[in-house]
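Bear in mind that the values here come from a model prediction, so they are computed numbers and not experimental data. Just so we're on the same page: letters track the sequence lines, and every chain starts at 1.
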Protein chains: 2
Amino acid sequence: MSPISKDMIRISRQADYGLLLLGCFAKVPERATFSARELADQSHAPLPMVSKVLKLLTRASLLESTRGAHGGYRLTRPPESVTVGEIIVACDGPISVTECAPDEPTTSNCAQEPFCPVAGSWQRLNDAIRDALDRVTLAEMTCPVADPVESFSGNEGPADV
Amino acid sequence: MSPISKDMIRISRQADYGLLLLGCFAKVPERATFSARELADQSHAPLPMVSKVLKLLTRASLLESTRGAHGGYRLTRPPESVTVGEIIVACDGPISVTECAPDEPTTSNCAQEPFCPVAGSWQRLNDAIRDALDRVTLAEMTCPVADPVESFSGNEGPADV
DNA sequence: GGATATCGGACTCAAGCGGTCCTATATCCT
DNA sequence: AGGATATAGGACCGCTTGAGTCCGATATCC
């Protein structure tokens, strides 16, 4: 199975689901709230997984939930202001391109940090990717033919990789 | 333990080593060739792993090798023209942000492709990341304080991944 | 021919991801 | 009040797959 070539820099399936689910919200603006079951149906994803991801998105306050009968989830912000980066972070935790990234100096688990010739540069790489991810919004992702941002190739300043 | 937060969009350790090793080359321009053992010492990485990664880099023709006694590896191109994207691809295969990315139409293993609200948008995300990764060169990574600046527009061939 | 390298695999081990399930809690309806 | 319906928050498990090792074959120098 899976004839797909190994992909690096991969996004976890959870985040994938997250994007998919939020996409469901964004696609039907008139509908405000959906239950987990409804979303599972719409997204053709297994209910338990959908449920799990919805919880994550809620904890990250990308969604808000109401319990009980006729409960469900709804977006807390318009799709235009939700970035893909946020969604991924919500589902999988902080985005970092390598373990070397010293978010906290105490946790420098990289044995060769003193010798590492590419020490500080990871940070810039991380920033570059984070940046790319934060440039794309949920609204743009759901937009069918999508002509968002011209920033991809001709991009402006922040290219400071 | 592992106080390190989970990192998504992670780069494999192999690619990490790849970058580290190529960094060794870039740091000592006068030295042309290194043996696997030398590099293992310099990079403080386990020899078998170093060896493995060097093979990968060679297959991708980022390095060229000479066998036999006094053999070793050397860069095929100046560090300024080698991109981080290339290195990652060399070590881990094609860069793709999700399995959905349909490189080949035949391999659409994504069950909900017909329904997927974010179908085509993955491609743009992929491009954005690839782009970010190809903007950073090996030379820039090794540059200590790194003030890469104009090398962006300055350099030639985009070094197609 | 022997020493030293790389080359190209196969192989093992363990972490972590994908996925499920169960119990507690909150809300609506009758 | 009580039942039905939802979410909240865990624990739990199997299996993939990445990290790392090792070995035999080949090529080169002395």
Report the distance from atom CG of A:Asp92 to atom P of C:dG16, rounded to the nearest whole Å.
14 Å
Using the salt bridge (charged side-chain N to carboxylate O under 4.0 Å, His left out) rule, collect all pairs that involve residues 51-65 of chain B, keeping only residues at least two apart or in two chains.
B:Glu64-B:Arg74
Once you round it to whole Å, what is the distance between C1' of D:dA19 and CG of B:Leu47?
15 Å
Strictly by salt bridge (charged side-chain N to carboxylate O under 4.0 Å, His left out), give each pair with a member in residues 75-91 of chain A just once, sequence neighbours left out.
A:Arg77-A:Glu86
Closer to the 5' end of DNA chain D via nearest nucleotide, is it B:Met49 or A:Ser35?
A:Ser35
For the student: nearest non-hydrogen atoms of B:Thr58 and B:Ser65, plus distance:
CG2-OG, 3.9 Å
To the nearest Å, give me how far apart NZ (A:Lys55) and P (C:dG19) are.
15 Å
Single-linkage hydrophobic cluster, 4.5 Å side-chain cutoff, B:Leu22 and B:Leu56 together
no
Can a side chain N or O of B:Arg37 be found less than 4.0 Å away from OP1 or OP2 on C:dA5?
no
Going by the rule salt bridge (charged side-chain N to carboxylate O under 4.0 Å, His left out), which residues pair with A:Arg37 if we only count those two or more places apart in sequence or in a different chain?
none
Nucleic acid contacts of residues 69-77 of chain A, taken as heavy-atom distances under 4.0 Å to DNA chain D:
A:Ala69, A:Gly72, A:Tyr73
If only atom types and distance count, is the side chain of B:Ser51 paired as donor or acceptor with the main-chain N or O of B:Leu47 below 3.5 Å?
no
Identify the two heavy atoms, one from A:Ile87 and one from A:Ala15, that lie closest to each other, and give their separation to 0.1 Å.
CG2-O, 4.4 Å
According to ring-ring contact (aromatic ring centres under 6.0 Å, His included), who are the partners of B:Phe25, at least two apart in sequence or on a separate chain?
B:Phe34
Quick check for you: to the nearest 0.5 Å, what is the distance between B:Gln14 atom CD and B:Ile88 atom CD1?
12.5 Å
Does a nitrogen or oxygen in the side chain of A:Tyr17 sit under 4.0 Å from OP1 or OP2 of C:dG18?
no
Can you pull out the residues from residues 56-67 of chain A that lie within a 4.0 Å heavy-atom distance of DNA chain C?
A:Arg67
Separation of C:dG16 atom P from A:Gln14 atom CD, nearest Å, is 14 Å
Polar atoms only, N or O, under 3.5 Å: list the protein pairs with nucleotides 14-16 of chain D and their distances.
none

List for me each residue that meets side chain to side chain contact (heavy atoms under 4.5 Å, CB included) alongside B:Pro48, sequence neighbours excluded, and say none if there are none.
B:Pro46
My understanding is that only residues two or more places apart in sequence, or in another chain, count here; which of them pass side-chain hydrogen bond (donor to acceptor under 3.5 Å, both in side chains) with A:Asp134?
A:Thr83
Integer-rounded Å distance: D:dG10 P and A:Lys52 NZ
13 Å
